[in-house]
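Read the structure below first, then the notes.
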Amino acid sequence: MTEYSRLKTSPSAAIRATLDYPVIDTDVHTNDFTPALEDYIAKYGGAKLVDELRKAESSRLNSKADGKDWYQQTPEERQYNRTIRSPWWARVTKNTLDLATYILPELLYERQAEQGSDYSVLFPNNVLAPAGASPENRQALQRAVNHYHADLYRKYSDRLTVVAGIPMTTPQEAIEELEFAVNTLGLKVANIPGGVKRPIKAIADKYPADKYPEVARYASYIDFFGLDSEYDYDPFWAKAVELGVPITTHYGSQGWTGRSSISNYMNNHIGHFADGSQAFAKALFFGGVTKRFPQLRVGMLEGGADWGAHVYIHLVDRYSKRNLQGLQNYNPDLTNADELFELFARFGGEITEGYSFTKEELAKIVLGSSFARHSRQPVGKELEDFAAAGIESIEDIRDRWVNSFFFGSESDDRTIGAAFNDKANPLNVKINAIYSSDVGHWDVPDLTDPLAESWELVKEGVISEADFKAYVFANPYKFYTEANSNFFKGTAIESQVAQIQSPQLDKSFARA
């Protein structure tokens, strides 16, 4: 089938032809041609770096125990080891044209019109594989992978931009790779893991990883780079703002409690990106990152946008009850012991018969049975869950959650209606849902479908036409240009977005 005939039959191209604004796809996945990638890495750092990539890919894709992956283990071994079922058949294969498209940059570039997109941000599936490499080679491998992708897609940069993978084990490592990616490679979007697994020191000191590897495997926690982090990541966030880099993540939670089935991939998969990203986003919010860096823009992909509305609503609800003033409703020191004693005397005869106590003893019994017993009451900053976030009003929550975060929603995700439900969302805001087709993964068997699927949400009344425009254009435009006003300079849509600096677009961006 010729390019013209394919374009003519594409349902998404047909939808795009009716729009008077460009479509910006924030999440397209590509696959690498392994021989070319490995040759490039070998020239970068020798055979040892190629071996590191292979080991990192293996550890990322398979759950292992005793050196055997899930498929090598018997059902009994899986039960014994609690070997988690990892993803399987996660790439498009039957659609041979699409299979080739995700590997060949020229073909992807040619077919962008079929996809109904004007500009796409690409996430090679190997971009974060180096995170699983050994500490001594991780940074070099990440740099090699980023360099390969930058070279591979540079000639197509008017319509395609590839992300830089940024390791986050330490702030310094992250800063060095971000500076190299932007200043040397010319990349302009960063993709980070939403968390890094670290050892619990109290256990690691007693059971060193070199002697007790199995203990080390489980005796860990996840550092989300904000709240309670061992490291100060503020220099990294500051560098991202300085360089004008929007931060993205595809952070999932497969393997976490409730997502650790040893037999069922779908059990582990449904909702896992939302859960992982939620943990990451809340750590930035409660850790005060979005307060200290209001210009920082963070996009969390593949998890949908409804959870962004859900958390925003609950932040407001909880703050209204547990701000410093509201907390006094739960202060045990404010219980009226005289009134309590009188009420028990009048109404408690049946349950207190045979017991003798003073009013002070009664108050102690009641308060002790109503709350977990602690060695003392919290004092000072221990009472202020919202203090680091700098929250003094629900408007502050809006500014530090809604303004800072963008939520990648896939084309057929009906839950996007919650993001645009300004009647339910406090202060009548709409959450920043951004069009993330996710083409290249199993949920998109044909790349010509996603935009048309999103338009079906308009036809069915899930979202309005104005919401659709915000979803596929205005919100992605905000995400990239609020981080970097020159983001689209030199691209094929530069002239189109330049016209958008108008009262009409400003009005569409305004919050109700």
Side-chain angles (χ1 to χ4, degrees), residues 52 56 60 123 127-147 150 163-201 204 209 216 220-252 276-301 387-390 400-401 404-406 479 482-484:
E52 283 284 358
R60 180 170 59 102
F123 293 81
V127 77
L128 282 181
S134 60
E136 62 270 19
N137 291 312
R138 181 177 56 241
Q139 202 166 348
L141 180 58
Q142 185 72 73
R143 185 167 295 195
V145 169
N146 287 344
H147 210 152
V163 302
I166 304 299
M168 294 287 288
T169 305
T170 68
Q172 185 58 38
E173 179 181 51
I175 289 170
E176 290 173 4
E177 292 317 304
L178 187 64
E179 288 182 323
F180 181 80
V182 174
N183 296 332
T184 300
L185 301 182
L187 300 178
K188 53 187 181 181
V189 182
N191 189 51
I192 68 171
V196 169
K197 186 179 289 188
R198 303 194 195 278
I200 298 174
K201 292 181 178 179
S220 62
Y221 74 98
I222 300 175
D223 181 344
F224 299 109
F225 317 127
L227 183 69
D228 302 329
S229 177
E230 285 188 33
Y231 292 85
D232 178 8
Y233 277 88
D234 275 9
F236 172 74
W237 307 124
K239 182 60 65 174
V241 170
E242 175 193 329
L243 296 175
V245 181
I247 300 296
T248 63
T249 188
H250 291 74
Y251 192 57
S277 290
Q278 182 181 139
F280 167 60
K282 286 191 300 186
L284 298 191
F285 175 85
F286 281 112
V289 173
T290 57
K291 171 183 179 288
R292 295 188 295 277
F293 303 98
Q295 308 95 329
L296 184 68
R297 292 295 174 264
V298 181
M300 289 151 289
L301 306 175
R400 287 156 202 171
W401 182 269
S404 298
F405 296 135
F406 291 72
F479 175 53
E482 286 183 354
N484 175 5

Would V163 and N146 satisfy side-chain contact (heavy atoms from CB on, under 4.5 Å), going step by step from the backbone distance to the final call? CA-CA 8 Å; V163 302; N146 287 344; over 6 Å; no
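- Summarising the geometry of P294 relative to R297, their closest heavy-atom pair is O-NH1, 2.7 Å, with the distance given to 0.1 Å.
- With R400 contributing its side chain and F286 its backbone, the two residues share no donor-acceptor pair below 3.5 Å.
- A 4.5 Å side-chain heavy-atom check between V289 and F225 finds every atom pair outside the cut-off.
- The aromatic rings of Y233 and W237 are tilted relative to each other, their planes meeting at an angle between 30° and 60°.
- Across every non-hydrogen atom of A133 and A56, the tightest pair is N-CB, 4.0 Å.
- Here A388 pairs with nothing under the side chain to side chain contact (heavy atoms under 4.5 Å, CB included) rule; sequence neighbours left out.
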I'd like to know whether H250 forms a side-chain contact (heavy atoms from CB on, under 4.5 Å) with N191, so could you lay out the CA-CA distance, the side-chain angles of the two residues, the decisive distance to 0.1 Å, and finally the verdict. CA-CA 8 Å; H250 291 74; N191 189 51; 3.6 Å; yes
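- In this structure, the ring of F479 has its center less than 6.0 angstrom from the ring center of F406.
- In terms of heavy atoms, T249 sits closest to G194 at OG1-N, 3.3 Å.
- Judged by distance alone, the side chain of Y251 and the main-chain N or O of A279 form no donor-acceptor pair under 3.5 Å.
- Nearest heavy-atom pair, L187 versus A164, reported as atom, atom and distance to 0.1 Å: CD1-CB, 3.6 Å.
- When atom types are taken as modelled, the side chain of R143 and the backbone of F180 share no donor-acceptor pair closer than 3.5 angstrom.
- Between the side chain of Q142 and the main chain of G165, a donor-acceptor pair closer than 3.5 Å is present.
- To the nearest 0.5 Å, atoms CG (L128) and CE (M168) are separated by 10.5 Å.
- Judged purely by atom type and a 3.5 angstrom limit, T248 uses its side chain to pair as donor or acceptor with the backbone of A190.
- Note: I192 CD1 to L178 CG = 10.0 Å, rounded to the nearest 0.5 Å.
- Between the side chain of R292 and the backbone N or O of G287 there is at least one donor-acceptor pair closer than 3.5 Å.
- The shortest non-hydrogen separation linking R198 to D223 is NE-OD2, 2.8 Å.
- In this structure, NZ on K239 lies 12.5 Å from CD1 on I166, to the nearest 0.5 angstrom.
- With sequence neighbours excluded, no residue forms a side chain to side chain donor-acceptor pair (under 3.5 Å) with N484.
- With E52 contributing its side chain and R138 its backbone, the two residues share no donor-acceptor pair below 3.5 Å.
- Atoms CD and CD, from E177 and E179 in turn, are 9.5 Å apart once rounded to the nearest 0.5 Å.
- In this structure, the side chain of Q172 does not engage the main chain of F236 through any donor-acceptor pair within 3.5 Å.
- When all heavy atoms of F224 and G195 are compared, the closest pair comes out as CD2-CA, 4.2 Å.
- Side-chain contact check for T290 versus V298: every heavy-atom pair is 4.5 Å or farther apart.
- Looking at heavy atoms from C-beta onward, I175 lies in side-chain contact with P235 at the 4.5 angstrom threshold.
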